[in-house]
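Worksheet for the structure shown next.
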Amino acid sequence: MGLREKLIEYEEAAGKRFSVTMTAESGEGTELIIENCRCVKSCDDNFIVLSVSGMDIRISGTPLVIENFGIGSLKITGKVHSLTFEEN
(Lines give C-alpha, C1' and ligand atoms only; values in the text may rest on other atoms or scores of the structure.)
Protein backbone atom coordinates (compact mmCIF):
# COMPACT_ATOMS: atom_id res chain seq x y z
CA MET A 1 0.00 0.00 0.00
CA GLY A 2 1.43 3.37 -1.02
CA LEU A 3 1.52 6.61 0.95
CA ARG A 4 -1.56 7.99 -0.80
CA GLU A 5 -3.63 4.91 0.06
CA LYS A 6 -2.44 4.94 3.68
CA LEU A 7 -3.42 8.61 4.06
CA ILE A 8 -6.85 7.96 2.53
CA GLU A 9 -7.37 4.99 4.87
CA TYR A 10 -6.30 7.09 7.89
CA GLU A 11 -8.55 9.97 6.84
CA GLU A 12 -11.57 7.67 6.49
CA ALA A 13 -10.92 5.96 9.85
CA ALA A 14 -10.40 9.23 11.72
CA GLY A 15 -13.27 11.01 9.99
CA LYS A 16 -11.04 14.06 9.56
CA ARG A 17 -9.70 15.64 6.43
CA PHE A 18 -6.43 17.35 5.69
CA SER A 19 -4.48 18.10 2.56
CA VAL A 20 -0.90 18.83 1.59
CA THR A 21 -0.31 20.59 -1.72
CA MET A 22 3.23 20.88 -3.04
CA THR A 23 4.35 22.90 -6.05
CA ALA A 24 7.86 23.37 -7.42
CA GLU A 25 9.23 25.79 -9.97
CA SER A 26 12.34 24.83 -11.95
CA GLY A 27 15.35 26.66 -10.54
CA GLU A 28 13.35 27.84 -7.52
CA GLY A 29 12.24 26.41 -4.21
CA THR A 30 9.15 24.49 -3.26
CA GLU A 31 5.87 25.74 -1.85
CA LEU A 32 3.83 23.61 0.56
CA ILE A 33 0.29 24.46 1.59
CA ILE A 34 -1.07 22.43 4.49
CA GLU A 35 -4.79 22.63 5.27
CA ASN A 36 -6.31 21.89 8.71
CA CYS A 37 -3.00 22.39 10.53
CA ARG A 38 -3.62 22.39 14.30
CA CYS A 39 -0.25 23.72 15.46
CA VAL A 40 3.44 24.11 14.74
CA LYS A 41 5.21 21.78 17.19
CA SER A 42 8.73 22.87 16.32
CA CYS A 43 10.39 25.06 13.74
CA ASP A 44 13.86 26.14 12.64
CA ASP A 45 15.55 26.93 9.31
CA ASN A 46 15.90 23.27 8.32
CA PHE A 47 13.16 21.34 10.10
CA ILE A 48 9.44 21.90 10.82
CA VAL A 49 7.04 19.61 12.69
CA LEU A 50 3.28 20.21 12.31
CA SER A 51 0.31 18.62 14.05
CA VAL A 52 -2.46 17.80 11.57
CA SER A 53 -5.59 15.78 12.48
CA GLY A 54 -3.91 13.20 14.71
CA MET A 55 -0.72 13.03 12.65
CA ASP A 56 2.61 14.81 12.68
CA ILE A 57 4.06 16.06 9.42
CA ARG A 58 7.84 16.42 9.57
CA ILE A 59 9.35 18.60 6.86
CA SER A 60 13.09 18.90 6.29
CA GLY A 61 14.79 21.25 3.84
CA THR A 62 16.87 24.40 3.44
CA PRO A 63 15.93 27.17 4.22
CA LEU A 64 12.32 26.62 5.29
CA VAL A 65 10.17 29.69 5.90
CA ILE A 66 6.62 29.81 7.26
CA GLU A 67 5.09 32.58 5.18
CA ASN A 68 1.45 32.45 6.16
CA PHE A 69 -0.31 30.99 9.16
CA GLY A 70 -4.05 31.48 9.00
CA ILE A 71 -6.99 29.70 10.52
CA GLY A 72 -6.34 26.07 9.70
CA SER A 73 -3.81 26.62 6.91
CA LEU A 74 -0.09 27.09 6.60
CA LYS A 75 2.23 28.02 3.72
CA ILE A 76 5.88 26.93 3.81
CA THR A 77 8.48 27.86 1.21
CA GLY A 78 12.04 26.65 0.69
CA LYS A 79 13.87 23.70 -0.80
CA VAL A 80 12.06 20.66 0.64
CA HIS A 81 14.18 17.53 1.03
CA SER A 82 11.64 15.22 2.67
CA LEU A 83 8.14 14.88 4.12
CA THR A 84 7.37 12.31 6.80
CA PHE A 85 3.91 11.45 8.15
CA GLU A 86 3.65 9.87 11.64
CA GLU A 87 0.64 9.04 13.79
CA ASN A 88 0.44 10.84 17.16
Exercise. Does some side-chain heavy atom of S82 sit less than 4.5 Å from a side-chain heavy atom of I59?
Worked result: no

For this session: Please examine the side chains of T77 and T30, heavy atoms only from C-beta on, and report whether any two atoms are closer than 4.5 Å.
Result: no

Going only through I, L, V, M, F, W and Y residues with side-chain contacts under 4.5 Å, is there a path from [X] to [Y]?
X: L50; Y: L83; value: yes
X: F47; Y: I57; value: no
X: F85; Y: I33; value: no
X: V80; Y: V65; value: no

Please report the interatomic distance [atom1]([X]) to [atom2]([Y]), rounded to the nearest 0.5 Å.
X: S42; Y: D56; atom1: OG; atom2: CG; result: 9.0 Å
X: R58; Y: E86; atom1: CZ; atom2: CD; result: 4.5 Å
X: T23; Y: E31; atom1: OG1; atom2: CD; result: 4.0 Å
X: K75; Y: L32; atom1: NZ; atom2: CG; result: 11.0 Å
X: I48; Y: K41; atom1: CD1; atom2: NZ; result: 14.5 Å
X: C39; Y: L74; atom1: SG; atom2: CG; result: 10.5 Å

Exercise. Taking all non-hydrogen atoms of both residues, which atom of L64 and which atom of G61 are closest, and how far apart?
Worked result: CD1-N, 3.7 Å

